[in-house]
> 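Before I ask anything, here is the structure I am working with.
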Amino acid sequence: MIELPDPGPFYETVWLIVRQIPQGSAATYGQIAGMIPPPSGIDQEDYDRLGPRWVGDAMNAVSRLDDPAIPWHRVINSKGGISLPPDSPAAALQRARLRHEGILNDREQVDLSACGWEGPDAAWCEAHGLYRPRSLKPPAPDGPQQLSLF
DNA sequence: CGTTTGACTACGC
DNA sequence: CGCGTAGCCAAAC
């Protein structure tokens, strides 16, 4: 099934991470990139800029592999939206899967503050030489916010 | 083998 | 808050 000659360690690492995203959660390209140390020879500064795009490349490659073990649909952009061309079949599939998991709101976006992935546990990250991801949820300046409903 | 494009983001209006 | 832009590398053409 895998026809790509050698996707490279970076892609493999991306796929490894994406496999950890649980049903009902979503991660962003930048978030995933931020978990991976810069490939050798790449400045941190450059990597911050390019990493998210490479993650996108890895997702593009995965759709060609069509590996059901990699929940690529749970990877979205920093705005909580789908980055595929809206009219493409792949986008339709992603929308359908996200909707099926109940995390796509009426504006066809994922509320990252509610469904944003918090990442694997620290032990897992350390075991794989990865960083813990930054949280996608809004900063809590002073402990858990009281939900002021009234 | 040169050109074009893109599954990104941060930033400015 | 939505839309346009720059920057930048690797794939895809």
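Small disclaimer: the values here were computed from a predicted structure and weren't measured. Throughout, a chain's letter reflects where its sequence line sits, starting with A, and its residues are numbered from 1.
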> Would you name the heavy atoms of A/Asp57 and A/Tyr11 that are closest together and state the gap between them?
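Reported closest heavy-atom pair: CB-OH, 3.1 Å.
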> Rounded to the nearest angstrom, tell me the gap between atom CD1 in A/Ile82 and atom P in B/dC8.
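Those two atoms, CD1 and P, are 12 Å apart.
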> Rounded to whole angstrom units, what separation is found between the NZ atom of A/Lys79 and the C1' atom of B/dC8?
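A/Lys79 atom NZ is separated from B/dC8 atom C1' by 8 Å.
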> In whole angstrom, what separates A/Asp87's CG from B/dG6's P?
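Atom-to-atom, A/Asp87 to B/dG6, this comes out as 13 Å.
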> Specify the separation, in whole Å, of atom CG of A/Asp57 and atom C1' of B/dA7.
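These atoms are roughly 8 Å apart.
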> Are OP1 or OP2 of B/dC8 and a side-chain N or O of A/Ser78 less than 4.0 angstrom apart?
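Checking A/Ser78 against B/dC8: no side-chain N or O falls below 4.0 Å of OP1 or OP2.
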> Using every non-hydrogen atom in the two residues, find where A/Ile103 and A/Ser25 come nearest and quote the distance to one decimal.
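Shortest heavy-atom contact: CD1-O, 3.9 Å.
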> Which residues in residues 46-56 of chain A have at least one heavy atom lying under 4.0 Å from any atom of DNA chain C?
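Result for residues 46-56 of chain A: A/Arg49, A/Leu50, A/Arg53, A/Trp54, sorted by number.
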> Rounded to the Å, how far apart are A/Met59 CE and B/dT9 P?
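Result: 12 Å.
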> What is the separation between atom CD1 on A/Ile70 and atom P on B/dA7, rounded to the nearest whole Å?
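In whole Å, B/dA7 P lies 18 Å from A/Ile70 CD1.
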> Mind calculating the distance between CH2 (A/Trp72) and P (B/dC8) to the nearest angstrom?
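One finds 14 Å between P of B/dC8 and CH2 of A/Trp72, rounded.
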> Determine the minimum heavy-atom distance between A/Ala91 and A/Pro85, stating which atoms define it.
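Closest approach of A/Ala91 to A/Pro85, heavy atoms only: CB-O, 3.2 Å.
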> How close do A/Gly81 and A/Ile76 get, counting heavy atoms only, and between which atoms?
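That would be O-CB, 3.3 Å.
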> Please report, rounded to the nearest Å, how far the C1' atom of C/dC9 is from the CG atom of A/Asp43.
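My rounded result for the distance is 14 Å.
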> If I compare all heavy atoms of A/Pro71 with all of A/Val18, which pair ends up nearest, and what's the gap?
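So the minimum-distance heavy-atom pair works out to CG-O, 3.3 Å.
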> Salt-bridged, A/Arg132 to A/Glu118, with N to O below 4.0 Å?
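Salt bridge: no.
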